[in-house]
Amino acid sequence: MSPPVDRIASDPTLPAAADVVVIGGGIIGVAAAYNLARQGHSVALVEKGYIACEQSSRNWGWCRQQNRDERELPLVRHSLEMWGTLDAEIGADLGFRRNGLLYVTENPAELAGWEAWVNMARGHQVHSRLLTAEEAQAMTPGATGRWIGGVHSPSDGRAEPAKAAPALAEAARRAGATIHQACAARGLETTGGAVSAVVTEKGRIRTGAVLCAGGAWASMFCRHHGITLPQAGVRSTAFYTTPAVEVTDGGLSMPGAVIRRRVDGGYTVAIRGRGRLELTPQGLRYAREFWPMFMKRRSAGLTIRLGRSFLEGPEALARWSADSVSPFEKTRVLDPEPDMGVVREGLRGLVQAYPQLAGIQAAESWGGWIDCTPDAIPVISPVEALPGFFLATGFSGHGFGIGPAAGRLAADLVTGAAPLVDPHPFRYTRLVDGSDLGPVGPM
């Protein structure tokens, strides 16, 4: 079942032309549309379902620097600054609270990895702190775990996925953008080898610039135009609970559960590292690129299996034309079934860690589809082979927290403005020309 999302209205009329068309109404797409519109560009955002209907409402709601890949740290630092000012800037509550994030562990190897990360992050002015066993216990009063240590990032925070992207989309509209839901982009038109229009199910929009922020669907859209985009979807499960006593006011990652305090008094709960790669035509096509990621993740609970997504969804084989119904219309909302075993295990781990939560129940659970790249670093980049076409995708489970700054960087690249951060680590070409992919980053 889909998690709750604040719903917004669509604009009634599709524009005949726009400076930029944004495809995808998740946090990245709406943040890009917001920045583009504020810079004075005409923007039309098209979304096949509704704003935040897929991964932007299905994530944990963490806004973190903690344990990020080094290549992402400059971008995520800007994003956290933006989270701290957006409420006042747009006049809406996105649920952001800078309550800090805490990881605790019983695993010496995990603690050693965190220590190495803390030492690296200091060079980026990230002041997370490694905790002793005593400090970790003191920061989790009432917990039964015998932690050997932990890591704490006091400047990290949390926000509400149900609220953030819709509120930012409304702010983009007030700045001049138009928002079009239930309006799938079927494809692109080109003139002289460059983008000249987007064809949607509701009509054609003339434009010289298109930003595809389509999440799990981006690779299929690219493949339709002969563009290679190695991307794999990891199925995940999360849920939120009934209201309960407060054991943390921020985010807490423990061996048996990851939790975030919600503004409604409950917790969003998941299990770190747990997910499933399904065998699909797209997955088989990019199996070699993703094999190192699978080998690294499988010890944390990533599995592979055959499922319905082999024949339907964003990684299946599909052909369509601009005047026929596309796969994006056939699946308005990618809403995978949650793994109820993960829900039961998460509840059990939560109550084992905090017996005072006995009786807490799962109020609602949902599945997600995390769009991953082989190195777990997003693509925020032009596609040089098709002038006027840009990508912001493959956020590998990091998109919500990094969203405000990622959208700003994407907007900078589309318009040719000075980029917010060095875009080189996020270049599209690294995925297709064999150039330095780097290690598989954390997820």
Side-chain angles (χ1 to χ4, degrees), residues 26-32 34-35 38 52 55-57 59-103 114 117-130 150-165 167-168 171 213 248-253 258-263 268 376-378 380 392 395-412 419-423 425-426 441-443:
I27 188 71
I28 312 300
V30 299
Y34 172 69
N35 281 281
R38 291 186 76 208
Q55 207 52 36
S56 287
S57 62
N59 60 85
W60 301 352
W62 285 31
C63 304
R64 66 178 172 96
Q65 303 163 99
Q66 186 75 25
N67 289 335
R68 291 278 197 187
D69 188 282
E70 183 175 7
R71 292 163 287 182
E72 289 184 328
L73 284 177
L75 193 60
V76 77
R77 286 184 59 232
H78 281 287
S79 205
L80 276 167
E81 292 173 4
M82 293 176 182
W83 277 114
T85 60
L86 269 173
D87 281 9
E89 187 173 293
I90 70 174
D93 182 10
L94 308 185
F96 180 70
R97 308 289 186 269
R98 201 180 294 276
N99 298 109
L101 299 178
L102 173 65
Y103 289 65
W114 293 346
W117 184 89
V118 166
N119 292 335
M120 174 276 295
R122 287 197 187 103
H124 294 273
Q125 292 76 52
V126 177
H127 302 295
S128 297
R129 186 168 67 91
L130 199 71
V151 62
H152 180 234
S153 182
S155 59
D156 286 354
R158 58 183 173 90
E160 291 296 328
K163 296 178 175 296
L168 198 51
T248 179
D249 64 354
L252 171 61
S253 175
V258 175
I259 63 174
R260 170 183 64 86
R261 186 64 166 171
R262 298 166 56 91
V263 295
T268 294
I377 298 298
I380 311 171
F395 282 82
S396 305
H398 310 167
F400 183 73
I402 210 171
R408 165 68 187 278
L409 177 60
D412 291 342
L420 179 68
V421 300
D422 179 6
F426 313 113
M443 288 178 67

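Keep in mind the model is a prediction, meaning the values are calculated, not measured.
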Which residues satisfy the side chain to side chain donor-acceptor pair (under 3.5 Å) test with [X], sequence neighbours excluded?
{"X": "H124", "value": "E70"}
{"X": "R122", "value": "N119"}
{"X": "R261", "value": "Y267"}
{"X": "S128", "value": "Q66, S153"}

Which heavy-atom pair separates [X] from [Y] by the least distance, and what is that distance?
{"X": "P404", "Y": "N35", "value": "O-ND2, 4.2 Å"}
{"X": "P378", "Y": "E72", "value": "CD-OE2, 3.3 Å"}
{"X": "E160", "Y": "R262", "value": "OE2-CA, 3.7 Å"}
{"X": "I28", "Y": "G403", "value": "CD1-CA, 3.6 Å"}
{"X": "P161", "Y": "G61", "value": "CG-CA, 3.8 Å"}
{"X": "P419", "Y": "L409", "value": "CB-CD1, 3.7 Å"}

Salt bridge (Lys or Arg N to Asp or Glu O under 4.0 Å) against [X], all qualifying residues, sequence neighbours excluded:
{"X": "R158", "value": "none"}
{"X": "D93", "value": "R97"}
{"X": "R129", "value": "E135"}
{"X": "E89", "value": "R38"}

Rounded distance (nearest 0.5 Å) linking atom [atom1] of [X] with atom [atom2] of [Y]:
{"X": "D69", "Y": "I377", "atom1": "CG", "atom2": "CD1", "result": "3.5 Å"}
{"X": "M82", "Y": "L420", "atom1": "CE", "atom2": "CG", "result": "5.0 Å"}
{"X": "S155", "Y": "R77", "atom1": "OG", "atom2": "CZ", "result": "9.0 Å"}
{"X": "H398", "Y": "L75", "atom1": "NE2", "atom2": "CG", "result": "12.0 Å"}
{"X": "F96", "Y": "L86", "atom1": "CZ", "atom2": "CG", "result": "9.5 Å"}
{"X": "R408", "Y": "D412", "atom1": "CZ", "atom2": "CG", "result": "4.5 Å"}

Next item on the list: Answer yes or no: is there a side-chain heavy-atom contact under 4.5 Å between V118 and V151?
Entry: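 Yes. Closest side-chain heavy atoms under 4.5 Å.
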Margin query: Is the shortest side-chain heavy-atom distance between P423 and I380 below 4.5 Å?
Written below: no
Taking only residues two or more places apart in sequence or in another chain, which ones pass side-chain contact (heavy atoms from CB on, under 4.5 Å) with [X]?
{"X": "A165", "result": "I27, V30, I51, A52"}
{"X": "L101", "result": "W62, R64, D156"}
{"X": "P154", "result": "H152"}

Quick check: does any side chain N or O of [X] sit under 3.5 Å from a backbone N or O of [Y], one acting as donor and the other as acceptor?
{"X": "D87", "Y": "L94", "value": "yes"}
{"X": "Q65", "Y": "V126", "value": "no"}
{"X": "R260", "Y": "T268", "value": "no"}
{"X": "S79", "Y": "I402", "value": "yes"}

Notebook entry, point to check: Taking it one step at a time, do T248 and L102 satisfy side chain to side chain contact (heavy atoms under 4.5 Å, CB included)?
Noted result: CA-CA 9 Å; T248 179; L102 173 65; over 6 Å; no
Next item on the list: Check ring-ring contact (aromatic ring centres under 6.0 Å, His included) between F400 and all other residues, then give those that pass, not counting sequence neighbours.
Entry: W83
